Amino acid sequence: MFSGWIRFADTCGKCGFDFTRFNVGDGPVVFLTLGIGTIITILAVTVELAFEPGLLIHVLLWGPLTAVMVLFALRFAKGLLLALEYRNDAREGRVGP
């Protein structure tokens, strides 16, 4: 399904199904960033209130952790959105009849 870490292949390697007709776009990234950002913010506030580390510790801890969590979850989220587009026969938005 994927030809790289997060890039879709043009076709399925087993059955030849065409993935190019689907447009997943940036939808998964937005939802993952918001969801994971909420979790990271709660954790950062909890750590700040419990341990009071310096600003540099927060930057070194939460920045990379957020990036890693988004990148690992992105592959799953993009695959899920592609499957939902396929199941619901999603198409480009149209205006009019």
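On a predicted model such as this, the values are computed, not experimentally measured, just so you know.
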Practice task
Just say parallel, tilted or perpendicular for the rings of Phe2 and Phe8, cut-offs at 30° and 60°.
Solution key: parallel

Handout entry: Leu81 to Val24 - nearest heavy-atom pair and separation
Key = CD2-CG1, 3.5 Å

Exercise for the section: May I ask you to decide if Ile6's main-chain N or O and Lys78's side chain share a donor-acceptor pair within less than 3.5 Å? Expected result: yes

Problem - Distance, nearest 0.5 Å, that separates CG of Leu80 from CZ of Arg87 - result: 9.5 Å

Exercise for the section: Using a 4.5 Å cut-off on heavy atoms from C-beta on, say whether the side chain of Thr11 contacts that of Phe19. Expected result: no

Problem - Co-membership, hydrophobic cluster, residues Val68 and Val29, 4.5 Å side-chain - result: yes

Practice task
Could you pull out the closest heavy-atom pair between Arg75 and Gly4, with the gap in Å?
Solution key: NH1-O, 3.0 Å

Fill in the blank from the handout: Nearest heavy-atom contact between Asp10 and Asp18 is O-OD1, 3.3 Å

Problem - Flag side-chain contact, heavy atom, 4.5 Å: Met1 against Phe17 - result: no

Problem - Main-chain N/O of Ala90 paired with Asn88 side-chain donor or acceptor, under 3.5 Å - result: no

Exercise for the section: Consider only side-chain heavy atoms of I, L, V, M, F, W and Y, link residues closer than 4.5 Å, and tell whether Val70 and Leu61 are in one cluster. Expected result: yes

Distance-only criterion, 3.5 Å: show the donor-acceptor pairs between side-chain atoms of residues 34-55 and protein atoms not counting sequence neighbours.
unit_1 : atom_1 : unit_2 : atom_2 : d
Thr38  : OG1    : Leu34  : O      : 2.8
Thr41  : OG1    : Gly37  : O      : 2.7
Thr46  : OG1    : Ile42  : O      : 2.8
Glu48  : OE1    : His58  : NE2    : 2.6

Problem - Rounded distance [0.5 Å steps], CG in Leu84 versus CZ in Phe22 - result: 11.0 Å

Problem - Joint hydrophobic cluster, Leu32 plus Phe72, side-chain heavy atoms closer than 4.5 Å - result: yes

